[in-house]
Amino acid sequence: PALIYDAAGKNDKSFNEMAWNGAKAYAEATGNSYQDLEIQTDAQREQALRRFAQQGASPIVVPGFTWSEPLTVVAQEFPDTHFAIIDSVVDLPNVRSVLFKEQEGSFLVGVLAAMKSETGTIGYVTAFDFPLLQAFGCGYVQGAKAANADITVLQNFIGTDFGAFNDINTAGEVGRSQLERGADVVYAAAGAAGEGALQAAADAGKYGIGVDSNQNYLFPGSMLSSMVKRVDVAVQAAFTDEMNGAWTSGIQVLGLAEGGVGAAVDEHNEPLLSDEMKAALADYTAKINSGEIVVHDYRSDNSCPVS
Amino acid sequence: MGIEDIIPLLNSSVRFAVPLLLACLAGLYSERSGIVDIGLEGKMLGAAFAAAAVAALSGNVWYGMLAAIFVSVCMSMIHAIASINLRGNQVISGVALNFLALGGTVFIGHSIFKRGGTTPNLSKDERIGPIDLPFAAEIGQVPVIGPIYEQLISGHSIIVYFAFAAVPITAWVLMKTRFGLRLRAVGENPKALDTAGISVFLLRYQALIITGVLCGVAGAYLSTSQGANFSENMTAGRGFIALAALIFAKWKPWNALWTCLLFGVLSAAQIRLQGVEFPLIGEVPVQFIQALPYVLTVVLLAGFIGRAVPPKAVGQPYVKER
Amino acid sequence: MSARQPLPSWALNVLMPAMNVLLALIVGGLAVAMIGENPIQAMQVLAYGAFGSGYGLGFTLHYATSLTFTGLAVAVAFHSGLFNIGGEGQAYVAGLGAIMMALWLDHTHWVFVLVGATVGAMTLGALWAAIPGYLQAKRGSHIVITTIMFNFIASALMSYMLAQVITNPGSNAETRTIAETGRIPLLSEYFEFFKHSPVNIMLFFGVVALIGVYILLWRTKLGFKIRTLGQNPEAARYAGISAVSIIVIAMAISGALAGMMAVNEAVSVQKRLVVGYVQGFGFIGIAVAFMGRAHPVGIVLAAILFGALYQGGSELAFVMPAVPSELVVVIQALVILFSGAMDEMFKPVLERVFGAFRSKPQADKAAEIEEA
Amino acid sequence: MVENQIRNTQQPSRAAEIVPAIDLKGVSKSFGPVQANKDINLTVKRNSIHGIVGENGAGKSTLMSILYGFYKADAGDIFVHGKKVQIKDSSHALDLGIGMVHQHFMLVENFTVLENIILGAEGDPLLAASKAAAREELARLAKDYGLNVDPDAIIEDLSVGQEQRVEILKALYRGADVLILDEPTGVLTPTEADQLFRILEQLRDEGKTIILITHKLREIMAITDTVSVMRRGTMVGTVATKDTSPDKLAEMMVGRHVLLKVEKTAAQPGEKVLEVDGLSVTDDIGVPRVKNVSFDVRAGEIVGIAGVAGNGQSQLLEAISGMFNPLLGEIRINGKKIKFDGDGVADEVRRMGLAHVPEDRHKMGLVTTFEEWENSMLGYDDDQKFGNGPFLSVKAAREDAIKRIEMFDIRPQNPRLKTANFSGGNQQKIVLAREMDRDLDILIVGQPTRGVDIGAIEFIHKQIIKLRDEGKAVLLVSVELDEVRSLSDRVLVMFDGEIVTELAPTASEKEFGLAMAGLDPAQQ
Ligand SMILES: Nc1ncnc2c1ncn2[C@@H]1O[C@H](COP(=O)(O)OP(=O)(O)OP(=O)(O)O)[C@@H](O)[C@H]1O
Ligand SMILES: Nc1ncnc2c1ncn2[C@@H]1O[C@H](COP(=O)(O)OP(=O)(O)OP(=O)(O)O)[C@@H](O)[C@H]1O
Ligand SMILES: [Mg+2]
Ligand SMILES: [Mg+2]
């Protein structure tokens, strides 16, 4: 099996790193090895896919929507190789498309944020105006409003392109600005830069919410939770299914129900969560799984009902 | 919008302005001596990495600071060798340094920390934290000036005070000292200095060392004071903004201060204006708000600042015998 | 008389640059050795990856094509006395013009897409560069500031366009993909040799641009005026050359050239426009231009060198995963440094060496060659 | 020697009589391919004024730069006051009491006079003290030598004459007792030049030694005690001034006989070619430079404009040549009015039949980084003969350049050579060849022979006269009064932006002197 990371690289402490963890988990569980690769330019995507396919690697997992075009091309060239793409759909017989319902996980952390907030103001810091990231924010707002109808949610962008994922300092200032405007919980979805905002919250003795991987350990005592997106599970599953000959192509949507997303609770943030909050978590989780609450996905129409 | 909103805004502006100001002054020394420096970005980035990495490894942020200055000065010396001794193209040399820092930081960082260039988070005491000026609390009680002193003047990182002190010092050095006189001369007409029996090379080297030191401090500020770790390309174009600010300031220290503060205010305001409903216009697309600092810079430049005349000899290697 | 002798042109223009690049590779090799990998192997992989196969060569040429455009852009502005740092933003905004034309025409035939996209790209690129040019000429706003600012503004503008305007729901901040009928063919469709590599028809546009710029600058009256203004504005005024119009024209040409990258990368290869597609090629263009001495011949060589480093680098990532991919960036930096900024490093040494070997009269001949 | 003693107020010591101030033995220097100095021997007696003459590129500046420690000689020995020295750099030369006023001034334009004076001789790390000291010293020098300039003036605002004083003050402030001046009068008016000479004589009489490089034999004869002649990097010879004559010197320099005075027949003026009506020009910073000037130039005559530099001549030329929009008034060529719209009508004016030789060839007339052939079409590149449509025919352009090179005897005869590598004299010829050899109706020339050696001067003057005799109109602006008077058929004297009077070239020195000082002799 092989794993090719997205531009941010395997050490982005969130999305790609999760994928990597999945591969490592597979290696530990089965003792098998895997190949992986980081790319430099977009033109290398096809190149990388083809390389591994030629070497007979299968499945080849690619985390990140940016892979959809190159994968569409290469997957057709190698009908007998299995591919899996995360965060995007490639409709081919040998491709598994894994989608996450980030909005559902974000909904839950939104609930927690709204309940934790004493000021009635919470914040969302993200890299730049980008549908996927908007989906996080939109779910977050929906959750917050559900828990407290008249909560104010400040939403800020760090930059205008992928550079924003690395601009820790501006992220920090953005986080601070929200705290200074009364927010006491900040949800940061901005890759490496996110830490800047979480740091700001920690420095100010306020609360932060991490994203993708469980970042609760970063600032114990001030991390309210993390919206985990179990990319690792998806990757490990793809690898193991292939090994057990249980490969399935087609679309796989991992939401709350499938344990694909969720609000991380561990020893680091346990103390911060009141019983009502835990109760609310369970309650909303149930409602969402039952379909009683349908969390709107920004990407479906590039707009958010609430703000 | 009362004072309690303005003070945080200004604080944020100051934090945005400081790295720009340090880099801008760094550029000032270099360009006043006749050496173009578009490598400010790279020097800051290299320094930011050195500071964060060494602070993380040693647990002592001041070692980090020294490392930052050391790295930045070394890079500055590469620039010096290329543009002073070898009479190379100063622009290329600057571009090279930027790429060297971009690749080098991650290359080394990854081989040390194995986390793709980013360095471990620095704990509070591994960072250059805020310091309270004397009687901050007491004076804080006084209405109006109280809060201004306690919250705006006091409570910044030592680097912030250093940066602001650097402005009058630079102005004084330029106008009132022998070194300053010669520095200004060598940027305008190196031959005049040479025929007066002063070494053009030596002077330019001295200038570039100062440039290196200031960029080093700027980088350390980013990764160990304002932020708490290093991340790939974290300078995000600040070096280029500083370069623009330098020209905007017409290579003068006080102007540099105003320009960088202006840019700081715009950057801080930009964040607070995102998604705000404006009277009449309504809500403006967030990207337009984000572009505000840059657009305003262009407008101001075209509208009011006008022509900026660089030091005459800037960019041309000093060639004695053609 | 000192033992030094002026160098013959071949030593100046072939030997010295070669030594510089070699030195860059050696230092890069040291970096590899530092992290306990085999530098020789790394360099072999680098070279083989770039030129060893039609496939590798295809990639090298594809990157070189983009860099040729951004490099020429910087060069043309430079000859008019302006330092255009804005190639990055110009290429980015040009992508908008290119893709909108392409998406509008993609149901017709790729030839129309090619022409349309080229026109669209050049127009927007030219516009994005001409504004700073105009501000410089009319208002004296320093071109370096304005082009830097325009890079940031371009990023914001494009983020808005791609996220809010020409976006395509379901996918992420990118336009829809160009329909099959309108896709500009890759060379691999004609030459098996280039199989699977992105090099495409724009390669020839790159060659045309190189020749075009040469003719423009050294074989037309406009070019003569551009160079006069760049070399001595007072003399230009004396000659009755209108600085304002020449500056605006030169910047427009510069921007249009940078814009061509959009057709090569976004339209022909990615077949859609994605956020931040330029990926720093605009900035490397600066290095390419200056290393190429702002002359087409130099530029094409520099462009190929950098293209090779990119492609060889990705090969390196496959074969030697332990070497961080940033090594390539480091080597690029070293090449820029040694063969760009420190290019005369070996001159004194060589002059002595040659001085030792050659007798006076020959030296004088060489001198004449050099002077002429 | 004898007359030295008579002239000297204070008796020089015996030692000084025998030990020369400067003694160069076998000095050689080459710049890459160019051998600037070949085995030069030169002896300069103490407290004498020693002249050095030679064609452009003869090696004068280089030799002096070596003595001043700016360049290092490839070979040869230097003795200062009899002591053999290895001059490491300029500061060493200054320590040895050698000061130099360079041909191209070495001043920092945006500095004050004071700052320029102390630059490099500041003493302690803070300026305050040294500035104060310098002020006093300047006051003293001003008193002793009448060298007064405002210490706080910015160099940019000074006239060349004043700038040069600053240069001299710099040298004296550093206690130079051997003073080298490289083409000091090239930029001065006769009056300024005379002042300078009085100062130099006074310095000599106080025991200082002066080396004077100039292209003007009149000056050599006027104040030097001894003169050395250089040609093509070699020292042709040294003679006592009293034993030689301008013609002899000229012959030594050029290696052939040269005519020093211009021969011309009376002019036959035709109809008006250039008409200037109530012209007023205000410069970029709003200072009025030309005030309501009116005059005309007829076919077949040379009209000269005399005046001290900086009285509006430059602005007048720029306006007439279409480089600068005048404030008021109009200019007509062959009755056609020049329409000033937008920047750069200079090319249209050229098409109207005007050719312009600018005052400053380095700054305007040439792009020194271009090859010669490119400069030889500067401003005329749109001509049909240089290629049709937008395209440039390099072949045509080079052939045209070669034609001009031959016609004006420009050396080296290589159109592919970088223009910077031509000597000043030849650079000037490139401009003249470009502007004069075409079918023009009027030629306007600024400072045609500035910094040019006599060989070239003779040639240039001949060309201008020839043009007039072909029935062209010529407007000549020069700060060299002799030149204006010997070439012109009518002379207009300009002062403070106005034309104060018209004089016949035959008018007396005194009349010109008064007029150039702004007083109309008629009214005296
Ligand atoms: N800096 C330099 N680099 C290269 N060559 C030079 C340099 N300076 C002078 N030369 C060469 O040396 C020769 C002598 O130059 P120099 O300036 O001494 O002549 P000059 O006698 O002063 O001429 P002029 O009367 O025009 O001032 C020139 O012809 C030129 O070829
Ligand atoms: N790049 C060069 N290489 C060789 N010789 C040069 C170069 N540039 C100038 N020279 C020579 O150096 C000498 C001094 O240069 P400079 O410009 O002073 O000429 P010049 O004759 O003194 O002109 P001017 O009298 O107008 O100053 C000239 O004679 C010229 O031939
Ligand atoms: Mg000279
Ligand atoms: Mg001269």
Side-chain angles (χ1 to χ4, degrees), chain A residues 2 4-7 9-11 35-55 64-70 72-74 77 87-90 99 127-135 157-165 297-303, chain C residues 49 55-56 58-59 62-63 66 92 152-164 167-174 177-178 195-199 264-266 269-272 274-281 307 309-311 313-319 321 324-329:
Chain A
I4 314 174
Y5 306 98
D6 206 349
K10 69 203 278 185
N11 295 96
Q35 297 171 280
D36 67 349
L37 180 74
E38 293 180 279
I39 53 149
Q40 282 289 294
T41 67
D42 280 328
Q44 290 173 1
R45 294 178 186 277
E46 264 186 55
Q47 199 179 2
L49 282 164
R50 202 169 278 115
R51 274 296 283 257
F52 283 129
Q54 279 160 350
Q55 293 173 6
F65 56 88
T66 18
W67 284 103
S68 57
E69 290 305 320
T72 319
V73 176
V74 179
E77 289 172 25
D87 276 357
S88 178
V89 176
V90 170
L99 299 178
F128 65 108
D129 181 2
F130 192 69
L132 172 67
L133 298 171
Q134 295 270 24
F157 299 95
I158 296 163
T160 53
D161 57 22
F162 289 104
F165 281 107
D297 179 1
Y298 177 95
R299 287 160 292 193
S300 62
D301 60 358
N302 270 11
S303 76
Chain C
Y55 163 82
F59 269 91
H62 170 66
Y63 295 131
S66 287
Y92 198 2
F152 288 102
I153 298 172
S155 163
L157 174 70
M158 296 303 287
S159 162
Y160 173 66
M161 291 311 261
L162 289 170
Q164 302 297 340
T167 173
N168 115 47
S171 81
N172 264 302
E174 62 188 42
T177 306
I178 298 170
K195 196 154 187 305
H196 295 323
S197 73
V199 62
N264 183 46
E265 182 65 33
V269 175
Q270 299 184 17
K271 304 179 184 63
R272 69 198 193 289
V274 303
V275 174
Y277 90 93
V278 184
Q279 300 185 322
F281 275 54
L309 284 171
Y310 268 117
Q311 166 51 18
S314 50
E315 192 69 12
L316 193 62
F318 292 121
V319 183
S325 42
E326 283 72 18
L327 173 70
V328 178
V329 186

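Below, all heavy atoms of this structure are taken into account, side chains as well, without hydrogens, waters or symmetry copies.
- The CZ atom of A/R45 sits 8.5 Å away from the CD atom of C/Q270 when rounded to the nearest 0.5 Å.
- When the candidates A/S68, A/G159, A/A48, A/G163 are compared by the number of heavy-atom contacts under 4.5 Å with chain C, A/A48 comes out ahead.
- Using a 4.5 Å cut-off between heavy atoms, A/Q55 makes no contact with chain C at all.
- If you measure heavy-atom distances from A/D129 to chain C, the contacts under 4.5 Å come from both the backbone and the side chain.
- If you measure heavy-atom distances from C/S314 to chain A, the contacts under 4.5 Å come from both the backbone and the side chain.
- Considering all non-hydrogen atoms of both residues, A/F128 and C/S159 come closest at CD1-OG, 4.3 Å.
- Looking at A/V74 and C/H196, their side chains never come closer than 4.5 Å, going by heavy atoms from C-beta outward.
- Of the atoms belonging to C/V269, not a single heavy atom falls under 4.5 Å from chain A.
- Only the side chain of C/V329 comes within less than 4.5 Å of a heavy atom of chain A; its backbone N, CA, C and O stay farther away.
- Of the listed residues A/Q47, A/E38, A/E69, A/Q35, the one with more heavy-atom pairs under 4.5 angstrom with chain C than any other is A/Q47.
- Of the listed residues C/K271, C/E174, C/R272, the one with more heavy-atom pairs under 4.5 angstrom with chain A than any other is C/R272.
- Remark: C/L162 CG to A/T160 OG1 distance equals 11.0 Å, nearest 0.5 Å.
- Contacts between A/L37 and chain C at a heavy-atom distance below 4.5 Å involve the side chain alone, from C-beta outward.
- Heavy-atom pairs under 4.5 Å with chain C were tallied for A/R299, A/R50, A/E46; the largest tally goes to A/R50.
- Neither the backbone nor the side chain of C/Y160 comes within contact range of chain A; no heavy atom of the residue lies under 4.5 Å from a heavy atom of that chain.
- From C/Y63, atom OH reaches atom CD of A/Q44 across 4.5 Å, with rounding to the nearest 0.5 Å.
- Using a 4.5 Å cut-off between heavy atoms, C/T167 contacts chain A through its side chain alone, with no backbone atom that close.
- Residue C/F152 holds its CZ atom at 9.0 Å from CG of A/D161, rounded to the nearest 0.5 Å.
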